[in-house]
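Scope of the values below: all heavy atoms of this structure, side chains included, with no hydrogens, waters or symmetry mates. Every number for a ligand or one of its atoms is a count from 1 in the order of the listing. Keep in mind that this is a model prediction, so the values were computed, not measured.
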Amino acid sequence: MTALDSRFRPGGRNWPLIWAYLIECGGSSKTTSATSMAVTAALRGYPGVVFDLDSNMSSSLILGYDETALKGKKTALDLLYGNATLDEVALPARYRVDDGYDDDAFARIPNLRVVPSSPAMASADTAIAEDADRNDWFAEIMRSYQGDDTVFYMDFPASYGKMPYSVLRMLDEEDSVIPSIKADPKDVKMVTRLLDELERVRDKNRGRRSVPGRPTLNHMLLTGTPTPTYKEAAARRAAELAEAKYASVLLPYVRYSADAKKLYEDECPLPILLPNSAPSVDYRKVMTHLGFVDMTD
Ligand SMILES: Nc1ncnc2c1ncn2[C@@H]1O[C@H](COP(=O)(O)OP(=O)(O)O)[C@@H](O)[C@H]1O
Ligand SMILES: [Mg+2]
């Protein structure tokens with residue numbers, strides 16, 4: 001079984017690799033990358049969980065759950081308040097194939113679950129500020145984890161508040177913070193602030209034994225890069241800037257596709273909706289680069 005591969009349990013710990021899609025930059029492609037990489041890995045035989053921690057509920061929607069589908073269901077907020085376990089909240093990932101909300105309006109994505117978000121996740125930082133014990137919500141879920149997932153894909157809002165901090169402190173050097181940014185020089189420049197924030201988290205947790213406290217930017221994704229039909233000068237300059245400053249962590253590029261917007265309308269992740277589009281091909285390349293070779297054939 002893949003799950004027992006030691007690379008998915010850094011330092012012999014009981015919980016999976018954590019990939020945190022984080023950058024304080026709206027519309028930067030965090031959700032597209034988190035869901036595309038998770039689905040690509042799942043289809044190749046690597047079980048995982050996408051945690052939707054953004055109150056905009058984007059990854060919940062792409063993985064088959066809008067607000068109507070989530071009526072009466074537990075969400076990430078119940079995890080934060082300690083009202084539910086991971087297995088009670090995580091739902092089988094799926095995508096829309098028909099209208100309505102019957103089970104046959106959706107098809108299952110094997111090997112993948114989603115922790116859905118809720119609009120109330122907008123108050124997550126306040127909830128932690130009101131009760132410092134809530135800072136441990138994610139630590140407690142990790143310490144009690146016993147499953148065989150390979151990666152937890154954490155989809156964040158565009159902020160460095162208390163909720164992202166409560167997750168970041170559980171990352172070790174083998175995990176990764178993955179800024180997924182658009183090929184635009186202004187987005188590349190935002191990475192400096194992320195590095196400062198990670199340094200702050202590491203400083204705050206130095207010497208602490210109860211949490212790893214070492215979130216590290218090991219991988220960076222540049223999306224919407226030029227193609228023969230999409231030749232933006234800004235995109236080319238962004239790629240040059242990223243290569244000059246971050247060559248050692250830069251993953252293979254994810255090219256531009258105007259169709260990428262359709263994920264939200266169609267409630268279906270990119271690798272399933274448009275498997276032959278340039279970005280889908282590129283996300284497969286990225287996952288191969290990261291060692292997630294196809295195990296299904
Ligand atoms: N490779 C790509 N080419 C073109 N547009 C993209 C690409 N990846 C993402 N997008 C678009 O960028 C917008 C923002 O992406 P999203 O993943 O929702 O960002 P974030 O989660 O950072 O807010 C969406 O409309 C999405 O369709
Ligand atoms: Mg998002």
Proximal atoms of ligand 1 relative to Y256 (non-hydrogen, under 4.0 Å): 3 (N), 4 (C)
Proximal ligand 1 atoms for G224, defined as those under 4.0 Å from one of its heavy atoms: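 Counting from 1, the qualifying ligand atoms are 1 (N).
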N/O of [X] under 3.5 Å from N/O of ligand 1, yes or no?
X    : answer
A258 : no
T31  : yes
Y283 : no
V254 : no

Closer than 3.5 angstrom, by distance alone: can the side chain of [X] be matched with the main-chain N or O of [Y] as a donor-acceptor pair?
X    : Y    : answer
S33  : K30  : no
D266 : R96  : no
N14  : R143 : yes
R7   : G291 : yes

Within the structure, is a non-hydrogen atom of Y264 found at a distance of less than 4.0 Å from ligand 1? yes
K262 to ligand 1, any heavy atom closer than 4.0 Å: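 Checking ligand 1 against K262, which is what was asked, there is no heavy-atom contact under 4.0 Å.
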Check: T31/S59 side-chain N/O donor and acceptor closer than 3.5 Å: no
Sole candidate of F152, W19, F292 that passes ring pair (Phe, Tyr, Trp, His ring centres under 6.0 Å) when paired with F8: F292
Salt bridge check: are R169 and D136 linked by an N-O gap of less than 4.0 Å? yes
Among all protein heavy atoms, pick out the one at the shortest distance from [atom]; state its residue, atom name and that distance to 0.1 Å.
atom                    : result
atom 1 (N) of ligand 1  : R255 O, 3.0 Å
atom 10 (N) of ligand 1 : K182 CE, 3.7 Å
atom 25 (O) of ligand 1 : K261 CG, 3.7 Å
atom 19 (O) of ligand 1 : S29 N, 2.9 Å
atom 17 (O) of ligand 1 : T32 OG1, 2.6 Å
atom 23 (O) of ligand 1 : G27 N, 3.1 Å
atom 4 (C) of ligand 1  : S257 O, 3.0 Å
atom 7 (C) of ligand 1  : A260 CB, 3.6 Å

Using salt bridge (Lys or Arg N to Asp or Glu O under 4.0 Å), reason through R214 and D175 one step at a time and then give a plain yes or no. CA-CA 9 Å; R214 281 181 291 271; D175 298 300; over 6 Å; no
Decide whether a cation-pi geometry holds between K204 and Y165; the criteria are a distance under 6.0 Å from NZ or CZ to the six-membered ring centre and an angle within 45° of the ring axis. yes
Confirm or rule out an N/O/S atom of T31, from backbone or side chain, lying less than 2.8 Å from the Mg ion (ligand 2).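 A backbone or side-chain N, O or S atom of T31 is under 2.8 Å from the Mg ion (ligand 2).
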Could you check whether atom NZ of K162 has more than 12 heavy atoms from other residues, nucleotides or ligands sitting under 6.0 Å from it? no
Above 12 or not: heavy atoms from other molecules or residues under 6.0 Å from CZ of R193? no
